[in-house]
Every structure is written in structure tokens, then in C-alpha cells.
Amino acid sequence: MTRQEEMAALLLPQIDKTPAYYESLYPARQLKEGAQVTRIAPSPTGYLHLGTLFSALVNRITATATGGVFFTRIEDTDKKREVEGGIADIIEGLSRFGITIDEGFVNGTTQIGDYGPYQQSHRAEIYQTYVKELIRQGLAYPCFCTAEELDAVRQEQEAAQIRTGYHGKWAKHRDITPEEARTEIAAGKPFVIRLRSPGSEENRIRFDDVIKGTIEMPENDEDFVLLKSDGIPTYHFAHAIDDHLMHTTHVLRGDEWISSVPKHLQLFRLLGFKPPKYGHISPLMKLDNGAKRKISKRKDPEAAVHFFAEEGYDPDSVIEYLMTVAASDFEDWRRANPTADRKTFPFKLKKMSVSGALYDENKLIDVSKIEISKMSADTVYEKLTAWAKEFDPGFFEILTENPAYTTAALAIDRGNAKPRKDIARWSDAKDYLAYFFASLYVPDHTLPETVHPEDAKAFLQAYREVYVETDDRQQWFERIKALCPALGFAADTKAYKADPSAFRGSVGDLSTVLRIAVTGRRNTPDLCSIMQVLGRAECLRRINEMMNSL
RNA sequence: GGCCCGGUGGUCAAGAGGCCUAAGACACCGCCCUUUCACGGCGGUAACACGAGUUCGAAUCUCGUCCGGGUCACCA
């Protein structure tokens, strides 16, 4: 037994498997040429973060565009930060946004696929097997430093203005002997396993980031921690083992990871693994007092995706917006393919922005209005009521009392070539539909300054007599025009504009009066349709009510 | 501070040495259309961070400066 084998046996006595065992357990995937395997690896430390959603989207569409696989893996190696129900929050959150998962966790408790377990806390033995091999090869060693000692070293380094960290001569336990280690262990001292980095700061490494392009950095010379004192790996080590064994081809993650790439590449090389392609995604930013900064979980409500649900944004709108941020050519594609499934969008990582984009609510609203304008009345009814049920129960009651009626109201000016774009969020619908429901109807009978109350009253009185509920738009309008001459109004807008002094007003004014009478407001979609949905009795009632107030 | 990444209108962005008098979208403004509003159409305001250099020619290449972001844990 060599000294290194002795050390390996001392540190990880319970490990009896070898890497070869796992290599054969998780054979290469059988995928077609060019298929890319991606993943999202969230930590269950709380709700689904916007950044995680964005990253999941990018990984998802990358796999989809290449006929590959997208899987989820739970990085629960930090027990201190773990939150109960965190897995379900994140995974089910992704589903709500329509992000489908091919493999790994598909909800809070179920995992599918042949490369599991997809939860790092259940993979301890795998990591330890590889660490043991590294120790055998002299590439890893135990470190017994306490947090205080490490802290003291850092302070010394800072005082001397040299690079901080556990490397080179500062790596106290780098050459610890099996005997020394045995003594420490016997004394009950906890230890971590560190990499014995063969790297040097003098060397430069380069790699091609599939999003950012070529990046050059100093080689890693840090003896960073592989296994924490509880036997659980750090992110770096788990990443190398898992993405190798799960055969990930593309690691697309937040760009806060860029600086760790030298560690990861070194790990893959030392372990004898083929490294994946890396792509680093710029974060979504927000303007804070004129300064751009990454959206923060603590300061920004938008960081938590449930914010969007509460605001009433449709998940589909949020994804559509995120797509415009993820791919600079997505909007053009969307214009050319207004109704196509996003899954057919030919996504290219090269089209991703290199710098962080500012979260733009205006743009979200615009995208959302377009999305909702393209929906059928039935779809709107379904989504709106689903939203209201959760976030505005009172409104839900009102909407569902008579589904056919609500749907008819929602159908106005919808489904034609130029649908209206009144609704950006489901919460907007309450005001938009208010005059259709007695309990929400708060009419404002204020007339435009240009219209005299007596004219309005005379018009309403005359209209009441000629009103035919079944008129189509054309007939409906003709009827109003027909009333104009007797009231001294211009039936033709152009004639009125040519000589306003010759008339008391125009047909437009009269239409507005009717609109105010029927809906209690001046701006609405097509009035004729509204009156049909409201019904003759209700329209007459409202017209009379208005007349009485004049 | 060290190491990385980035900087084109208010925002997102196209842009690969001459096609740039710099596209498009959102927002904003105006006009037209119009029974209101919206939609739509037309038009408008508004940008290559700065300074050197390379070149006949620079938004594009190089260097420097400045600014912004990220990262330097037994967190991910």
C-alpha cells in the first residue's frame, strides 16, 4: 500500500467502490448528432427566482432546438440554507411557466430518468468514491484548519496585500502525512478534503464560452474544498462529477460562475473527464437610483416569480418577454410567426446578449397585451378566472356567475384582424369589464364640455324610441345618424369639421352621449356590441337613469 | 484591491473595416383613420462613454482612461 492509498483508506474507509463502477452505471446517452444535454441545478433555498426561471428557459430551448435533453438536478448540498418545500416551489414553479422537464425532478417529490439520483444529498457515496481516487493519486488531501485559522490567514494576506486564499505556501496541510492525519482524526478534529492543485497563477487558460466568446484567465492554483466536513461536496466538485456522469453537454448558468471556470476545467482534467461547453448568462438587471444592478432577492419584488402571478401577468406573457431578452432575433421571428409555438423557434446561443439587460416593465406590458390579444374569448375566460380564483376571489364570483355572459363581454372586438390590446395583466380585467357587472358598475355621467345637457337628453329620448337591439354595427350607427338633423347635429363628421358653427355638435358627440349613458364612461370598445351583450332591458334602464340625472 | 466580463437613443437591441447620413422594437410626441378609446398607418425627438493609435477609411481592430457588473467561503 502506498502512502497515498494509506491516506485514502484512512479518510474514507467506508468507500468500497471505484469510479469505474459508476462509469459503467451511467453510460453515454444515445442521442442524435448535435443533440445538446442541458440542465438547471437549483438549490432549494426558497421560491423560484426570476434568474433561475430565465436560466431554465435558456437551457430548455437549447435542448429543444437541438433535439436534446433538459433535466433538473437539486443542489441541496448546503443544509443550512435549505428551505422546506423548496424543491416543489422551484420545480412546480417551472411547470407553471410551461417549462417542461425531460428528466430529473418533475415535481416536488418525483424524479425520472436513468442518471439519478438527481439530488446531490443522495449522491454522497458517488462523490466520495471519486474523492478517494483523487487522494490515491495524491491530488487531494485532508485539511484540519478551523474557520478561525483560515480567517487569520486571510487577514494576514490582506495586510500584506497579497492574493488571499488557500494556495501555495499558505496551504498549511498540503503535505500532511497519513500519520499526522491519523493523530488529528484521533483527536476528533473535523476535516475537509481539499484539491492539491497542480496549477500555477503564472499559467493562462482560455476557453470558448458559447455565449461570451473566448475568455482568458489565470489557471487555478487554489486548493479549494472538494468535500466539506460533513462529507458533502462543494458546488464545484458536485458539478464536475454530476455533469460528467449525467452527460451534460452544455452548462448554461448565471455569469457569476465565470470566475470559477478555471476550477471546473481543472477538475475535469484531473478527473479524466471531457469538459462540457460552458455558456454564461448575463443577469437581469434593474435600475436603482440611476444605477444598474442585478435584480436582488432582498430588494426587488420582481425577483420572486410569484410577484408576476400576483400582479396578474400571465405566465405565458412572462416567458414571451423573457424570450425577447434571451434572443435578440426572437421578436423578428415572432412577427413573422405570430401564432407559432415557441418550441419551433430556432434558438441560437450566439444570439444571446453578452451584457446584462435591464428588466423593462413597459416591454413586458407590451408583450403581454399582444399575447392576450391573440387569445380567444374562451381562453381568456379560462385564464382570467383561474387567476381571479387565486388572487381576487370576489371578482371570481362575479365572473363565473354567468360564464356565457362574461365570455360574450370578453369576445367584443376579439378574434378579428386587429384585436384590441386593453389587457396586459389579469388584474386589468376588473376595470375593463366593470360596466358589465352591477356590483362593479360605478357610472360617471359627466358629459363632455362641448355637449349641452338638454341636447343629450333630447337625443337619449329620441334614441330610446328607435333603438333596435338586433341591429348590426352598420344599422346601429345609421340609426344614430338619422337622429342628427332633427337635433341640429351633423351626421357627417367631415361636414361638422368643415363648419362647426353650423351645428350643435356631430354624430360623434351623440355617440359619446350614448356611450356614457350605457357604460358610464367615455372610452370603451365597440358600443354596439356592448349593448347587445348588456341586453335591451339593461340598456334602456341605464339610458333612463342617465336622463334622470340630466 | 486582484482577477474576469461588459459599455450603440430613456429601455432592449441590429451591427463582423467602406453597404452607417447607424436598422428595428418598447416608451414618448405629432398627424391621419375613426361613433370614443384602442388598433392600424404615416412621421418625429433621441445613441456609437472618452482619448490616443492602426488604416486611404473605425461603432467595428489595438492600447489607455473612465464608468457599470461579477467574483475572490466548509454558499450555490
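The chains referred to below are lettered A, B, ... by the order of the sequence lines, with proteins before strands, and numbering in each begins at 1. Fair warning: this is a prediction, and the values are worked out from it, not measured in the lab.
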Inset, instruction - Please measure how far the P atom in B/rU55 lies from the corresponding atom in B/rC5, and state the result in whole Å. - result: 27 Å

Legend entry - For A/Asp208, all residues meeting salt bridge (charged side-chain N to carboxylate O under 4.0 Å, His left out), sequence neighbours excluded: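 In terms of salt bridge (charged side-chain N to carboxylate O under 4.0 Å, His left out), with neighbours along the sequence ignored, A/Asp208 is linked to no residue.
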
Inset, instruction - Tell me, please, which residues at least two apart from A/Glu158 pass salt bridge (charged side-chain N to carboxylate O under 4.0 Å, His left out). - result: none

Legend entry - salt bridge (charged side-chain N to carboxylate O under 4.0 Å, His left out) pairs, two or more places apart, involving residues 520-534 of chain A: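 Checked against salt bridge (charged side-chain N to carboxylate O under 4.0 Å, His left out) - neighbours excluded - the pairs reaching residues 520-534 of chain A are A/Asp431-A/Arg521, A/Arg473-A/Asp526.
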
Between the side chains of [X] and [Y], is a donor N or O closer than 3.5 angstrom to an acceptor N or O?
X: A/Ser197; Y: A/Asp223; value: no
X: A/Asp76; Y: A/Gln120; value: no
X: A/Ser376; Y: A/Arg414; value: no
X: A/Ser368; Y: A/Glu371; value: no

Legend entry - A/Ser353: side chain to side chain contact (heavy atoms under 4.5 Å, CB included) partners, not counting sequence neighbours: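 A/Ser353: side chain to side chain contact (heavy atoms under 4.5 Å, CB included) contacts with A/Ser355.
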
Legend entry - Residues forming a side chain to side chain contact (heavy atoms under 4.5 Å, CB included) with A/Asn337, sequence neighbours excluded: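 A/Asn337 satisfies side chain to side chain contact (heavy atoms under 4.5 Å, CB included) with A/Trp333, A/Ala340 once adjacent residues are dropped.
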
Write down the protein N/O and nucleotide N/O pairs, taken from nucleotides 70-74 of chain B, whose separation is under 3.5 Å; answer none if there are no such pairs.
unit_1: B/rU71; atom_1: O2'; unit_2: A/Ser259; atom_2: OG; d: 3.1
unit_1: B/rA73; atom_1: OP2; unit_2: A/Arg154; atom_2: NH1; d: 3.4
unit_1: B/rC74; atom_1: O2; unit_2: A/Ser229; atom_2: N; d: 2.9
unit_1: B/rC74; atom_1: O2; unit_2: A/Ser229; atom_2: OG; d: 2.9
unit_1: B/rC74; atom_1: N3; unit_2: A/Ser229; atom_2: OG; d: 3.2

Inset, instruction - Name all residues meeting the side-chain hydrogen bond (donor to acceptor under 3.5 Å, both in side chains) criterion together with A/Tyr435; count only those two or more places apart in sequence or in a different chain, and write none if there are none. - result: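 Listed in chain order: nothing, the list is empty.
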
Measure from the side-chain heavy atoms of [X] and tell me the nearest of [options].
X: A/Glu75; options: B/rA27, B/rC3, B/rA76; result: B/rA76
X: A/Lys421; options: B/rG40, B/rU36, B/rA76; result: B/rG40
X: A/Asp422; options: B/rA76, B/rA38, B/rC26; result: B/rA38
X: A/Asn362; options: B/rA38, B/rA27, B/rC3; result: B/rA27

With a cut-off of 3.5 Å and sequence neighbours excluded, list every side-chain donor-acceptor pair involving residues 253-265 of chain A.
unit_1: A/Arg253; atom_1: NH2; unit_2: A/Tyr235; atom_2: OH; d: 3.2
unit_1: A/Arg253; atom_1: NH2; unit_2: A/His264; atom_2: NE2; d: 3.0
unit_1: A/Asp255; atom_1: OD2; unit_2: A/Lys212; atom_2: NZ; d: 3.0

Inset, instruction - Establish whether the base of B/rC37 is bridged to the side chain of A/Arg420 by a donor-acceptor pair shorter than 3.5 Å. - result: yes

Legend entry - Base-pairing assignment for B/rC48 (Watson-Crick or G-U wobble, both under 3.5 Å): none

Inset, instruction - Begin with the C-alpha distance, continue with both residues' side-chain angles, and end with the deciding distance and a verdict on side-chain contact (heavy atoms from CB on, under 4.5 Å) for A/Phe477 and A/Ser511. - result: CA-CA 9 Å; A/Phe477 190 46; A/Ser511 300; 3.9 Å; yes

Inset, instruction - Output yes when at least one side-chain N/O atom of A/Arg414 is less than 4.0 Å from OP1 or OP2 of B/rC39, else no. - result: no

What N/O pairs connect the protein and nucleotides 41-49 of chain B at under 3.5 Å? Give each pair on its own line.
none

Legend entry - CD1 on A/Ile319 to CD1 on A/Ile61, rounded to 0.5 Å: 9.5 Å

Please tabulate, for side-chain N and O atoms in residues 39-53 of chain A, each donor-acceptor pair with protein atoms closer than 3.5 Å (sequence neighbours left out).
unit_1: A/Arg39; atom_1: NH1; unit_2: A/Asp243; atom_2: OD1; d: 3.3
unit_1: A/Arg39; atom_1: NH1; unit_2: A/Asp243; atom_2: OD2; d: 2.4

Which protein N or O atoms sit under 3.5 Å from an N or O of nucleotides 11-15 of chain B?
unit_1: B/rU11; atom_1: O2'; unit_2: A/Asp360; atom_2: OD2; d: 3.3
unit_1: B/rC12; atom_1: OP1; unit_2: A/Leu358; atom_2: N; d: 3.2
unit_1: B/rA13; atom_1: OP1; unit_2: A/Ser353; atom_2: OG; d: 2.7
unit_1: B/rA14; atom_1: OP1; unit_2: A/Ser328; atom_2: OG; d: 3.0

Legend entry - RNA chain B contacts among residues 209-221 of chain A, heavy-atom distance under 4.0 Å: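 When residues 209-221 of chain A is checked for heavy atoms under 4.0 Å from RNA chain B, the hits, listed by number, are A/Lys212, A/Ile215, A/Glu216, A/Met217, A/Pro218.
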
Inset, instruction - Remember a base hit wins even if backbone is also touched, and classify A/Arg253 as base, sugar-phosphate or nothing at under 4.0 Å, heavy atoms. - result: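 Counting heavy atoms under 4.0 Å across all strands, no contact is made by A/Arg253.
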
